[in-house]
Amino acid sequence: MKISRQNIERYLDDRGWKRQISADASLIRYQLNGGEGLNGAVNIFFSNTDDLEVRANEVVAALEVIRQVYSLSEPALRAGLTSLAFDKILATIPDDYIKNESIELRAARSYLNGMKGLIAASAMSELTGERTFRRTNKEASDYADRCRFAHTFKGSFGLAIESPVGFNDQAELAFIEPTIPFGRKVIRRIANGLQSVVKSFSEDSVSPILEAADGLNASMCSELVNIIDRTEIPRIDIAFVLSPEWEPDVPAPPSFQIDARYRELLKDASARLAAEDDAQPVTVVGRIVNLHADLDPDDLLDADVDRIVQANWDSPEHGLIRVSIGLSPAGYLAAVEAHGKGQLISVQGALRRKSRSWILQDAQEPRFIQI
């Protein structure tokens, strides 16, 4: 990735350099007053000029100043500048499992493959809203492929994965919430899900994993099990570093350990989440609370549109739930009339949970009950 003036300015802002603009707006100065082992103030200047050669020379000069101030190698500086547009997942292998300052290539490969699968599975839930699916689609896989294997970091043996979130160029308006990038949502889902594992383990119950909003799906649980099994490393410490470009006031998620002790819990959660995909034959009986059709009211008999009614049903297994039911044109017209009369709907089909919603698939023609 080419280093631009924008990269540098964002980096300096994040590091606390003071930004000043000249009275005629022709010059921008970034200043660092002391600290960082400095004897005095350090300045970096940018001019508002269209001269490409001047702009290029200013970038080169700024990079050299930053490199010297922070005692960075050129590759480390470039990595730091470009990574502002990425969220990071940092994995640290405890010293107890390292031999001669290295780990086996098999273990590193297994970890990276597992993390790629974890990221792709998280992306699938963000794309579809579902917590179980038979395979990841091309869009989710492509997103995982766009993540980067970054420079390892100082300290214990570490592996860094960067998830692209881009720079925040949205206008700051008090009455409009910024649109959070897809990559941030993917990482948040992983972090939320991992914390639900900690809670489940402490409570000796799989429920917190199953009930976590925007948490793990069946495939994510399986990928974590694969990392435990295939790396054969009993514990991998995970930390998250989020780009300051987005949600700067929101703290980074807590750290986590991919621990072999979680293996059976994750296997159980994966199986239970996958089981949600199995539709159950039921008869829904309840009051219609919503009707929706994506068409002109004069075209209710058009066969190529969806007609959805929602009914509140007191399920013997799940309690009071709201079920979405797709009906035929005739069934939908009858449901509209029944809703006006306060009648209950009774319809057979296959009940399936989709994320936090319930859907009745293959619905038969409904009956209506006067109460």
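FYI, the numbering just counts along the sequence from 1. This is a predicted model, so every value here is computed, not measured.
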Taking it one step at a time, do S110 and T231 satisfy side chain to side chain donor-acceptor pair (under 3.5 Å)?
CA-CA 6 Å; S110 297; T231 62; over 6 Å; no
Determine, step by step, whether D214 and R189 satisfy the salt bridge (Lys or Arg N to Asp or Glu O under 4.0 Å) criterion, reporting the C-alpha distance in whole Å, the side-chain angles of both residues, the deciding distance to 0.1 Å, and the verdict.
CA-CA 5 Å; D214 302 324; R189 176 178 290 276; 3.6 Å; yes
Go through T283 and V347 one step at a time and tell me if the side-chain contact (heavy atoms from CB on, under 4.5 Å) criterion holds.
CA-CA 6 Å; T283 299; V347 57; over 6 Å; no
Please walk me through it: do R184 and D87 pass salt bridge (Lys or Arg N to Asp or Glu O under 4.0 Å)?
CA-CA 7 Å; R184 172 61 56 85; D87 287 341; 2.6 Å; yes
What verdict does the side-chain contact (heavy atoms from CB on, under 4.5 Å) test give for S122 and M220, after you've listed the backbone C-alpha separation in whole Å, the side-chain angles of each residue and the deciding distance to 0.1 Å?
CA-CA 7 Å; S122 179; M220 293 169 74; 3.8 Å; yes
Can I321 and V323 be said to form a side-chain contact (heavy atoms from CB on, under 4.5 Å), step by step?
CA-CA 6 Å; I321 59 175; V323 185; 3.9 Å; yes
With side-chain contact (heavy atoms from CB on, under 4.5 Å) as the criterion, how do I28 and R19 come out once you've worked through the C-alpha distance, each side chain's angles and the decisive distance to 0.1 Å?
CA-CA 7 Å; I28 298 174; R19 186 175 189 266; 3.4 Å; yes
Under the salt bridge (Lys or Arg N to Asp or Glu O under 4.0 Å) rule, what do R188 and E247 come out as? Steps first, then yes or no, please.
CA-CA 12 Å; R188 284 285 185 195; E247 304 176 300; 3.8 Å; yes
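Connection of W246 to L242 is not established within any shared hydrophobic cluster, with ILVMFWY side chains joined at heavy-atom distances below 4.5 Å, either directly or through further cluster members. Under a hydrophobic clustering in which Ile, Leu, Val, Met, Phe, Trp and Tyr are joined whenever their side-chain heavy atoms come within less than 4.5 Å, directly or via other members, Y332 and I359 fall into different clusters. Hydrophobic clustering (side-chain heavy atoms under 4.5 Å, transitive across Ile, Leu, Val, Met, Phe, Trp, Tyr) groups L72 together with W17. Linking ILVMFWY residues whenever their side-chain heavy atoms come closer than 4.5 Å, directly or via other members, places L291 and F368 in the same cluster. Cluster membership for F167 and I180, using ILVMFWY side-chain heavy atoms within less than 4.5 angstrom, is not shared.
In this structure, the side chains of V54 and S47 come closer than 4.5 Å at one or more pairs of heavy atoms. Within the 4.5 Å cutoff, the side chain of I238 has no heavy atoms near those of the S255 side chain. A 4.5 Å side-chain heavy-atom check between I325 and Q310 finds every atom pair outside the cut-off. The shortest distance between side-chain heavy atoms of R322 and W358 does not fall below 4.5 Å. Annotation: side chain of D237 is not in contact with side chain of F256 (no heavy-atom distance under 4.5 Å). Side chains of C147 and F86 form no contact here, defined as non-hydrogen atoms less than 4.5 Å apart. T49 places a side-chain heavy atom less than 4.5 Å from the side chain of R55. I44 is listed as a side-chain neighbour of I66, based on a closest heavy-atom distance under 4.5 Å.
Checked by atom type and distance alone, the side chain of S222 pairs as donor or acceptor with a backbone atom of A218 at under 3.5 Å. The backbone N or O of K267 sits nowhere less than 3.5 Å from a side-chain atom of S270 that would complete a donor-acceptor pair. At distances below 3.5 Å, not a single donor-acceptor pair connects side-chain atoms of D268 with backbone N or O atoms of E264. For N217 (side chain) and A121 (main-chain N/O), a donor-acceptor pair under 3.5 Å exists by modelled atom type.
A donor-acceptor pair shorter than 3.5 Å cannot be found between the side chains of S125 and E130. Checking Y262 against S200 by side-chain atom types alone, no donor-acceptor pair falls below 3.5 Å. E245 and N168 share no donor-acceptor pair across their side chains, judged by distance under 3.5 Å alone. In this structure, a donor-acceptor pair under 3.5 Å is present between the side chains of S22 and D24. Side-chain N/O atoms of R287 and N312 include no donor and acceptor closer than 3.5 Å. For the 3.5 Å distance criterion, the side chains of S205 and S207 qualify, holding a donor opposite an acceptor.
For the residue pair P253 and F240, the shortest heavy atom distance occurs at CD-CB, 3.8 Å. Residues V206 and L265 approach most closely at CA-CD1, 4.0 Å, considering heavy atoms. For the residue pair N113 and E223, the shortest heavy atom distance occurs at O-OE1, 4.4 Å. For the pair V285 and S346, the tightest heavy-atom approach, listed with the atom from each and the gap, is CG2-OG, 3.7 Å. Across all their heavy atoms, A140 and L127 have their closest contact at N-CD1, 3.9 Å. When all heavy atoms of G326 and I308 are compared, the pair lying nearest together is CA-CD1, 3.8 Å.
Screening I190, D229, I258 against L224 for a side-chain contact (heavy atoms from CB on, under 4.5 Å) leaves a single residue, I258.
In this structure, R106 is not positioned above the aromatic face of Y111 in the sense of NZ or CZ being under 6.0 Å from the six-membered ring centre and within 45° of the axis.
Around atom CG of D51, more than 12 heavy atoms belonging to other residues, nucleotides or ligands sit under 6.0 Å away. When the shell of 6.0 Å around CD of E139 is examined, it contains 12 or fewer heavy atoms from other residues, nucleotides or ligands. The environment of CD in E53 is sparse: at most 12 heavy-atom neighbours from other residues, nucleotides or ligands sit within 6.0 Å.
Distance check: L118 CG to C221 SG gives 9.5 Å after rounding to the nearest 0.5 Å. In this structure, CZ in F45 is found 8.0 Å from CD in Q31, a value given to the nearest 0.5 Å. Within the model, atoms CD1 of I209 and CZ of R131 stand 9.0 Å from one another, a figure rounded to the nearest 0.5 Å. One finds the CG atom of L216 at 7.0 Å from the CG atom of L266 (value rounded to the nearest 0.5 Å). The CG atom of D142 lies 8.5 Å from the CG atom of N137; values are rounded to the nearest 0.5 Å. For the atom pair CD1 of I345 and CG of L360, the computed distance is 9.0 Å after rounding to the nearest 0.5 Å.
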